[in-house]
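Quick note: numbers below take in every heavy atom, side chains included, and nothing from hydrogens, waters or symmetry partners.
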Amino acid sequence: QVHLVESGGGLIQAGGSLRLSCAASGGTFRTLAMGWFRQAPGKEREFVAGISWGGGSTYYADFVKGRFTISRDNAKNTVYLQMNSLQLEDSAVYYCGADKWEKATVEAWVSDGMEYWGKGTLVTVSS
């Protein structure tokens, strides 16, 4: 059983930056595909960014390309999401997900789901 704990959310002005972290325990982190998803009020959860086991491949939703960067530190069992140029529409609860299966396309990240989930961290972008 993999346990995921997100942190780093908060209130930020539009145009600002935040870095989210997700610490994993209970599994072999280096063999987990890790992803970030978000859910805004009244909307379904959506894929934001994903990273392969070793960090060599990354995947992004179109709406965050060029603004968000996903990375991982396998020595610290942690995955990060650096969010720059935040916009009002980025406000959401951000969830970390983990899966033993690699996902080789954005479509797979969007549709396959994740085996394990954290409880989320709230990001609120203000004007």
Side-chain angles (χ1 to χ4, degrees):
Q1 184 74 15
V2 176
H3 185 54
L4 304 172
V5 179
E6 303 94 335
S7 61
L11 177 64
I12 187 77
Q13 281 196 321
S17 298
L18 277 177
R19 189 176 82 154
L20 305 183
S21 299
C22 171
S25 61
T28 305
F29 183 75
R30 65 180 183 276
T31 64
L32 294 172
M34 301 296 298
W36 286 97
F37 297 73
R38 70 186 187 186
Q39 186 169 18
K43 295 188 176 182
E44 293 187 352
R45 185 155 52 189
E46 61 182 356
F47 167 72
V48 175
I51 190 165
S52 61
W53 292 358
S57 297
T58 55
Y59 308 85
Y60 296 95
D62 285 345
F63 54 78
V64 302
K65 280 183 180 177
R67 299 190 299 124
F68 292 8
T69 302
I70 188 171
S71 61
R72 65 190 296 161
D73 185 338
N74 285 351
K76 294 183 178 180
N77 289 359
T78 301
V79 63
Y80 305 97
L81 185 68
Q82 178 67 43
M83 305 188 295
N84 299 329
S85 302
L86 282 162
Q87 303 167 357
L88 296 179
E89 51 266 36
D90 292 319
S91 295
V93 177
Y94 283 72
Y95 296 92
C96 175
D99 203 310
K100 297 187 190 73
W101 295 100
E102 287 276 42
K103 303 175 193 299
T105 65
V106 170
E107 289 73 23
W109 284 97
V110 170
S111 63
D112 289 359
M114 304 295 281
E115 191 169 0
Y116 304 102
W117 292 99
K119 293 185 177 181
T121 185
L122 178 63
V123 173
T124 303
V125 183
S126 65
S127 59

note = D90 meets the salt bridge (charged side-chain N to carboxylate O under 4.0 Å, His left out) criterion, sequence neighbours left out, with R38, R67

task = Please write out which residues are connected to V5 in a hydrophobic cluster, directly or through intermediates, given that two of Ile, Leu, Val, Met, Phe, Trp, Tyr count as joined at side-chain heavy-atom separations below 4.5 angstrom.
result = none

request  = Heavy atoms only: give me the nearest S91-A40 pair and the separation to one decimal.
outcome  = O-CB, 3.7 Å

Side chain to side chain donor-acceptor pair (under 3.5 Å) against K65, all qualifying residues, sequence neighbours excluded = D62

task = Give a yes or no answer on whether the side chain of Y59 reaches the backbone of S52 with a donor-acceptor pair at less than 3.5 Å.
result = no

Non-hydrogen atoms of L18 and L86 that approach each other most closely = N-CD1, 3.9 Å

task = Kindly indicate, with the supporting measurements, whether the criterion side chain to side chain contact (heavy atoms under 4.5 Å, CB included) is fulfilled by D99 and D112.
result = CA-CA 10 Å; D99 203 310; D112 289 359; 5.9 Å; no

Show me the donor-acceptor pairs, under 3.5 Å and distance only, between side chains in residues 76-84 and residues at least two apart or in other chains.
| unit_1 | atom_1 | unit_2 | atom_2 | d |
| --- | --- | --- | --- | --- |
| T78 | OG1 | K76 | O | 2.8 |
| Q82 | NE2 | N84 | OD1 | 2.9 |
| N84 | OD1 | S17 | OG | 2.9 |

query = Do you know the tightest heavy-atom contact between L4 and A24?
reply = CD2-CB, 3.6 Å

task = Measure the spacing between CE of M114 and CG of L32 and express it to the nearest 0.5 Å.
result = 8.5 Å

ask   = Under the side chain to side chain contact (heavy atoms under 4.5 Å, CB included) criterion, do F63 and E89 qualify, and how do the steps go?
value = CA-CA 10 Å; F63 54 78; E89 51 266 36; over 6 Å; no

ask   = In Å and rounded to the nearest 0.5 Å, what is the CG to CZ distance from L20 to F68?
value = 8.0 Å

inquiry  = Under the salt bridge (Lys or Arg N to Asp or Glu O under 4.0 Å) definition, can you give me all pairs with a residue in residues 8-30, not counting sequence neighbours?
reply    = none

request  = Please name all residues satisfying ring pair (Phe, Tyr, Trp, His ring centres under 6.0 Å) with F47, sequence neighbours left out, ordered by chain then number.
outcome  = F37, W109

Pairs touching residues 14-113 that satisfy disulfide bond (SG atoms under 2.5 Å apart), sequence neighbours left out = C22-C96

request  = Side-chain contact test, heavy atoms from C-beta onward, threshold under 4.5 Å: evaluate it for I51 versus W36 and give yes or no.
outcome  = no

key: Residues that S7 engages under side chain to side chain contact (heavy atoms under 4.5 Å, CB included), provided they are two or more places apart   = S21

ask   = If you take all heavy atoms of F29 and D73, which pair is closest and at what distance?
value = CE2-O, 3.9 Å

inquiry  = Going by salt bridge (Lys or Arg N to Asp or Glu O under 4.0 Å), name the pairs with one or both residues in residues 6-16, residues two or more places apart or in two chains.
reply    = none

Side chain to side chain donor-acceptor pair (under 3.5 Å) partners of residues 115-127, not counting sequence neighbours, each pair once = K100-E115, K100-Y116

remark   = Nearest heavy-atom approach of W53 to T31 is NE1-O, 3.1 Å

